[in-house]
Amino acid sequence: MTTAMSARSVQHFIAGAFEDSAESAPIDRSAPATDEVVSVVQAGGPVEVSRAVAAARAAFDDGPWPRMTGMERSVLIGRVADLIERDAATLAALDAEEVGKPIRLAEGDIAGAVGLWRYAASLALTMSGSTYTNNGPDFTGLVLREPIGVVGLIVPWNFPALILSQKLPFALAAGCTAIVKPSELTSSSAQHIMRLTEEAGFPRGVIGMVVGDGRAGQAIAEADGIDLVSFTGSTATGRRVLAASAGNLKKLSLELGGNAANVVFADADLEDAAAGVVFGVNFNNGECCVSQPRLLVEDAVADDFVAEVARQTALLRVGQPMDPRTDVGALIHAGHREKVTSYIDGASGDGAAVIFGGTRLTEGELGRGQFVAPTVIDRVAAGSAAFQDEIFGPVLTVTRFHDQDEAVRLANGVQYGLANSVWSKSVDTVLQVAKRLQSGTVYANTTIDAPPQMPFGGYKASGVGREMGQAGFEEFTELKSVNIRTGKRAGTFAIRAGA
Ligand code: NAD
């Protein structure tokens, strides 16, 4: 590991000011493609979190933000969208460098982030409840929708700016104040977005950020002054967040791990499906919660289809994240690369065979980084670790099926339930399978393809709650029933017998 001359400093943003940690030593972050230290991140913990909570609490309880009109909030959120668009190249470069993802994908993430801020700005205008007038002439029931309060937003490393944008503008649109906690591995774009919110003119304390590792996240999950935590990360950490949040019974939204299947029927457009399968597992280096590492393919077309998938996999170019020709970049860190290759090593045997890739790439300039060849493993058994676990790398397992029942059983036969794809030209097959799949998202004849209006979240061990869409916005709200009687109450409260 070497330290670049120009390593960035990433600080907390508390009560409108950027600052260092009072006590803990900062964390060095090396770019996964070069092993050079590119950022030095302050390590926050309970001290910084409690100060950020105090600022966000004051901004919510006494400040202007929750009391502004939806239109006023919408204008400020929309202004951030414009500023992110203005600084798109800078933000994309930060994420590409720290994640190790190809720059073209990072640019797509930032365009997606702009869309999310714009969409959330429009939702600020829609905040509404409902009215019941069908309980007699003297009763009116008002269901008021209110911001839930102070929210903690914990973000993983794989889509730093994008996942932050799946949370923060929606919370703001609802009138909440927020504390962001990016991953210690990829905090720089979050710091840049904090600066943009300052430039946009958000009132002091409405948005704060504590950077650092799990200690900062744990302090957010435990904080009594926080009303909701929206967490995206692994299922194991999600369980810790759930336990830590018990103190004040805060509301939780948990977006957790996935292990999606691409279910390909013999009657699919096999050309599109093969391209979709190769995209679905290699997009973002395979480090994507909705990655599709499991190909389930119907027997009748399996041999030819798998050969085509292997052929297209061989065309992928592994390379430096900043090179626009790169299709697959570096994995997030050495430990993760070890984990990914251990699944490849463990998958052989029991009839399974690596038919493409399967190695760490060490030639030339790739030798300094965490590069793994896109890999295809054929004839993987449903009980194997490679099939069951979230590998989170560019590794495709192939399993064959005979009929729809077996396809659905295989697709649903893992603990996760975040997303799956079904490929068939038959509308019957598509709808029947979509209804039987246990996942919060089903892509039909497409993959990893979701506009911000579509709610997103998991079944089973993939999580609780929804992000994006109207449902994602409403996660950041609380309902209050106001039960109103009109007219004289005489005789209504006759608790004493005969009164
Ligand atoms: P992670 O669980 O290790 O970390 C996620 C975040 O939680 C980081 O900011 C981390 O610092 C913080 N954290 C760590 N320990 C904590 C604790 N005890 N309490 C509170 N916060 C803590 O996940 P990761 O490795 O950053 O991300 C990869 C995982 O995220 C994968 O499992 C992936 O599937 C999942 N993911 C899910 C979605 C989704 O929308 N469902 C999206 C992206 C990633």
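Read the numbers this way: they start at 1 and go in the same order the structure lists the ligands and their atoms.
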What are the two closest heavy atoms between Tyr459 and Leu437, and how far apart are they?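 So the two residues come closest at CE2-O, 4.5 Å.
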
Side chains of Thr232 and Lys167: do they bring a donor and an acceptor to under 3.5 Å?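 There is such a pair between these side chains.
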
Under 3.5 Å, is there a donor on one side chain and an acceptor on the other for Glu475 and Ser230?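 Judged by distance alone, the side chains do not pair up.
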
Please name all residues satisfying salt bridge (charged side-chain N to carboxylate O under 4.0 Å, His left out) with Arg118, sequence neighbours left out, ordered by chain then number.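 For Arg118 the salt bridge (charged side-chain N to carboxylate O under 4.0 Å, His left out) partners, ignoring immediate neighbours, are Asp82, Glu85.
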
Extract all donor-acceptor atom pairs below 3.5 Å that involve side chains of residues 39-46 and protein atoms in other chains or at least two apart in sequence.
| unit_1 | atom_1 | unit_2 | atom_2 | d |
| --- | --- | --- | --- | --- |
| Ser39 | OG | Glu98 | OE2 | 2.8 |
| Gln42 | OE1 | Ser21 | N | 2.8 |
| Gln42 | NE2 | Asp20 | OD1 | 3.4 |

Run through ligand 1 for me and note each protein residue having a heavy atom under 4.0 Å from it, chain first, then residue number. Ile154, Val155, Pro156, Trp157, Asn158, Ile163, Lys181, Pro182, Ser183, Glu184, Asp213, Gly214, Gly217, Gln218, Phe231, Thr232, Gly233, Ser234, Thr237, Arg240, Val241, Glu255, Leu256, Gly257, Gly258, Cys289, Glu390, Phe392, Leu418, Phe456

Enumerate the residue pairs fulfilling ring pair (Phe, Tyr, Trp, His ring centres under 6.0 Å) with a member in residues 8-31, sequence neighbours excluded, ordered by first and then second residue.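 As it turns out, the ring pair (Phe, Tyr, Trp, His ring centres under 6.0 Å) pairs with a partner in residues 8-31, which skip direct neighbours, are Phe13-Phe18.
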
